Amino acid sequence: MLYAHQNSNFFCSYCSVIFCETVAIYGVIVAIILQTKLESVPSAQIYAPESLRAGYAIFASGIIVGFANLVCGLCVGIIGSSCALSDAQNSSLFVKILVIEIFGSALGLFGVIVGIIMSAQATWPAKSV
């Protein structure tokens, strides 16, 4: 019986690590999306409003996803720590706190969605031939 409880505590401890790894994958996915959006702009159109808007949209998308994933990582870490401690004291609380940890992990997904919407606004000026 003691051995089964130790395995449950082991899973609870590594559950937040798995959630944090998914947040890292979110960042890699958005970085790939933003990399495909980059284009070179002729020097005559560097300060064109379209160029500035596209550049700031890509920059804002990266900042939004980065900060959302940072907050999500902090949230998952704090909740994961309390989940492991509460599971050690009372194993019936594991599922309840796991649901809260999933909601904390959803913050990163919301950041990715907003980042993708922001990067869709990046349209570069037409290149003159």
Side-chain angles (χ1 to χ4, degrees):
M1 185 71 166
L2 181 64
Y3 181 71
H5 182 68
Q6 287 176 344
N7 282 340
S8 172
N9 200 6
F10 176 79
F11 173 73
C12 181
S13 298
Y14 282 101
C15 191
S16 61
V17 173
I18 293 169
F19 285 135
C20 285
E21 288 176 1
T22 59
V23 170
I25 291 172
Y26 291 160
V28 170
I29 290 170
V30 171
I32 292 170
I33 290 172
L34 294 181
Q35 181 65 30
T36 61
K37 294 281 185 180
L38 292 178
E39 293 181 15
S40 64
V41 177
S43 60
Q45 294 181 334
I46 288 178
Y47 296 109
E50 261 186 307
S51 298
L52 293 174
R53 182 170 186 253
Y56 282 124
I58 290 174
F59 178 70
S61 175
I63 292 291
I64 288 170
V65 172
F67 280 131
N69 287 340
L70 176 69
V71 170
C72 176
L74 289 171
C75 181
V76 167
I78 291 170
I79 293 172
S81 172
S82 63
C83 180
L85 292 174
S86 66
D87 185 54
Q89 292 178 355
N90 185 359
S91 61
S92 67
L93 294 175
F94 174 70
V95 175
K96 295 173 185 174
I97 294 181
L98 185 64
V99 169
I100 295 170
E101 192 169 0
I102 290 170
F103 286 139
S105 179
L107 291 173
L109 185 60
F110 294 148
V112 169
I113 292 169
V114 171
I116 290 173
I117 291 171
M118 287 289 295
S119 69
Q121 303 296 320
T123 56
W124 298 98
K127 295 181 182 177
S128 58
V129 183

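All values derive from a computational prediction rather than experimental measurement.
Looking at every heavy atom in both residues, Ile46 comes nearest to Leu52 through O-CD2, 4.1 Å. Closest approach of Glu101 to Gly80, counting heavy atoms only: OE2-CA, 3.8 Å. A pairwise comparison of heavy atoms in Val112 and Tyr26 identifies CG2-CB, 3.4 Å as the closest pair. Minimum interatomic distance between Ser119 and Ser61 (heavy atoms only, all atoms of both residues): CB-OG, 3.9 Å.
Put simply, CD1 on Ile32 and OG1 on Thr36 are 9.0 Å apart, with the number rounded to the nearest 0.5 Å. Note that the CG atom of Asn90 and the CG atom of Leu85 stand 13.0 Å from one another [nearest 0.5 Å]. With values rounded to the nearest 0.5 angstrom, Ile116 atom CD1 is found 12.0 Å from Ile64 atom CD1.
Within the structure, the side chain to side chain donor-acceptor pair (under 3.5 Å) test picks out no pair touching residues 69-84 (sequence neighbours left out). Evaluation of the side chain to side chain donor-acceptor pair (under 3.5 Å) test over residues 48-59, restricted to residues two or more places apart or in two chains, returns Arg53-Gln121.
Linking ILVMFWY side-chain heavy atoms closer than 4.5 Å, directly or via other members, places Val23 and Val28 in two distinct hydrophobic clusters. Both Val65 and Leu109 belong to a single network of hydrophobic side chains, linked directly or stepwise wherever heavy atoms of I, L, V, M, F, W or Y lie under 4.5 Å apart. Taken together through direct or relayed side-chain contacts under 4.5 Å among Ile, Leu, Val, Met, Phe, Trp and Tyr, Ile113 and Met118 form parts of separate hydrophobic clusters. Residues Ile33 and Ile25 are members of one and the same hydrophobic cluster, defined by side-chain heavy-atom contacts under 4.5 angstrom among Ile, Leu, Val, Met, Phe, Trp and Tyr.
Partners of Ser105 under the side chain to side chain contact (heavy atoms under 4.5 Å, CB included) rule, at least two apart in sequence or in another chain, are Phe19, Thr22, Val76. Applying the side chain to side chain contact (heavy atoms under 4.5 Å, CB included) rule to Ile63 yields the partners Phe59, Phe67; only residues at least two apart in sequence or on another chain are considered. Every side chain to side chain contact (heavy atoms under 4.5 Å, CB included) that Ile58 has, sequence neighbours left out, goes to Leu34, Lys37, Leu38, Ala122, Trp124. Shown here are the side chain to side chain contact (heavy atoms under 4.5 Å, CB included) partners of Lys96, two or more places apart in sequence or in another chain: Leu93.
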